[in-house]
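Heads up, the thing below is written out as structure tokens.
Not measured: the values here are computed from a predicted model. A, B, ... follow the sequence lines: proteins, then strands. Residue 1 opens every chain.
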Protein chains: 2
Amino acid sequence: MAQTSKNPPRTPASAARRRSPLDRLLDPELFKALGDPTRLLLLACLCKCARECAVSEIGACCHVDLSVVSRHLATLERAGAVRSRREGRTVFYAARFDHLTSALRDLAVAIDHCAQCRPDSPGCDC
Amino acid sequence: MAQTSKNPPRTPASAARRRSPLDRLLDPELFKALGDPTRLLLLACLCKCARECAVSEIGACCHVDLSVVSRHLATLERAGAVRSRREGRTVFYAARFDHLTSALRDLAVAIDHCAQCRPDSPGCDC
DNA sequence: TGCTTGTTTGTGCCATGGTGCAAGTATTGC
DNA sequence: GCAATACTTGCACCATGGCACAAACAAGCA
């Protein structure tokens, strides 16, 4: 079998062609969702509260229109950072702790793996 | 002393007022830098190669102008994801493995901490 | 001093996206 | 049904940002 594919790629071009766990974990949607200060503030509030919070309640933590808060929360939900649940007229949002931490830790593991791979180290799947 | 400040915040509004490790770790600049697909591709290539790569070499891994690659690399460097070093005419970029993984792991730890804090659990600094 | 290579910076174009306001939808209570 | 509450969606405005092209800058070489 191709032993070469078990070593780190020699050039960025060959690295781009090769599939690795990194490609799945470096999710642009998640990082794009976390790239806005207002959204980070909302997410931080949900994490700190560590419970389900209503949209109107969450809106009190920053100075933007409630419609903007609603949109930001929807963006965070699409990215997998929070989940929502409707109860009557109220929609509750909560941080997805497990999903967030595993996404971060899995990525850290994948990056560590790349760092440890050397041209002469077998078993590399970077 | 204020025992209440040692419990999780009860509302998102009070959570926003409170300083916690999360506020420092949820860095918009880092996530904004990681929020673009082209930049993620460049970073992935640098991680997979696990060595210093020249700008022109890195440019071969995606189909955008070299000037765009240069700007993306500068953005990644400002965010702390990569470092650069000039050697003659050539500028070498490399992934900052330790910085990246510690940023991710520290954030995971802070989020975990929030998840475990309960209103009756003392010592909370979320 | 040119000439070449490697990279960055200036500029304009265009798409994306954050925002407020207003209108619409969903659900409950009277 | 009607009004009130809670949230979402439509829309217009504007700032940001990714992009290509061209020019400038940096460094080595003839």
Review point. A:Tyr93 side chain N/O closer than 4.0 Å to the phosphate oxygens (OP1, OP2) of D:dT8?
Key: yes
Review point. A:Val68 near the nucleic acid: base, sugar-phosphate alone, or nothing, with a heavy-atom cut-off under 4.0 Å?
Key: base
Exercise for review: Classify the side chain of B:Ser67 versus the base of D:dC19 as yes if they form a donor-acceptor pair under 3.5 Å and no if they do not.
Suggested key: no
Review point. Between A:Arg78 and A:Glu29, does at least one N-O distance fall below 4.0 Å, as a salt bridge requires?
Key: no
Check your understanding: Starting at the 5' end of DNA chain D and moving along, which residue's nearest nucleotide shows up first, A:Phe92 or B:Gly88?
Key -> A:Phe92
Check your understanding: Counting only distance, no hydrogens or angles, is the base of D:dG17 paired donor-acceptor with the side chain of B:Arg71 under 3.5 Å?
Key -> no
Practice item. Taking only Lys NZ, Arg NE, NH1 and NH2, and the carboxylate oxygens of Asp or Glu, determine whether A:Arg85 and A:Glu52 approach each other closer than 4.0 Å. Key: yes
Review point. Is the distance from OP1 or OP2 of D:dG17 to the nearest side-chain N or O of B:His72 less than 4.0 Å?
Key: no
Check your understanding: Has the side chain of A:Thr90 got a donor or acceptor atom sitting under 3.5 Å from an opposite partner on the base of D:dC7?
Key -> no
Review point. Taking only side-chain nitrogens and oxygens of B:Thr38, does any of them come within less than 4.0 Å of OP1 or OP2 of D:dC19?
Key: yes
Study note, to complete from the structure: From CD of B:Glu87 across to C1' of D:dA26 the rounded distance in Å is 15 Å
Check your understanding: B:Asp36 CG to C:dT16 P: how many Å, rounded?
Key -> 13 Å
Point to revise | Rounded distance in Å - CD (B:Glu77) to P (C:dT8) | key: 9 Å
Exercise for review: In whole angstrom, give the distance that lies between atom CZ of A:Arg89 and atom C1' of D:dC7.
Suggested key: 11 Å
Exercise for review: Could you verify whether a donor N or O on one side chain and an acceptor N or O on the other, from A:Ser14 and A:Thr11, lie under 3.5 Å apart?
Suggested key: yes
Practice item. Whole angstrom is fine here: how far is it from CG in B:Leu73 over to P in C:dT9? Key: 12 Å
**Study point:** Atom pair distance, as rounded to whole Å: CG in A:Asp65 and P in D:dG10
**Key:** 16 Å
Exercise for review: Before accepting this row, confirm whether a basic side-chain N of the pair A:Glu57/B:Arg10 lies closer than 4.0 Å to the acidic partner's carboxylate O.
Suggested key: no
Exercise for review: Nearest whole angstrom, please: distance from the P of D:dG28 to the CZ of B:Arg86.
Suggested key: 9 Å
Practice item. Pick base, sugar-phosphate or nothing for B:Ala54, based on heavy-atom distances below 4.0 Å to the nucleic acid. Key: sugar-phosphate
**Study point:** Closest-nucleotide 5' rank along DNA chain C - winner of B:Val69 and A:Lys32
**Key:** B:Val69
Point to revise | Any donor-acceptor N or O pair under 3.5 Å, side chains B:Ser102, B:Arg105 | key: no
**Study point:** Spacing between A:Arg78 atom CZ and D:dT9 atom C1', to the nearest angstrom
**Key:** 12 Å
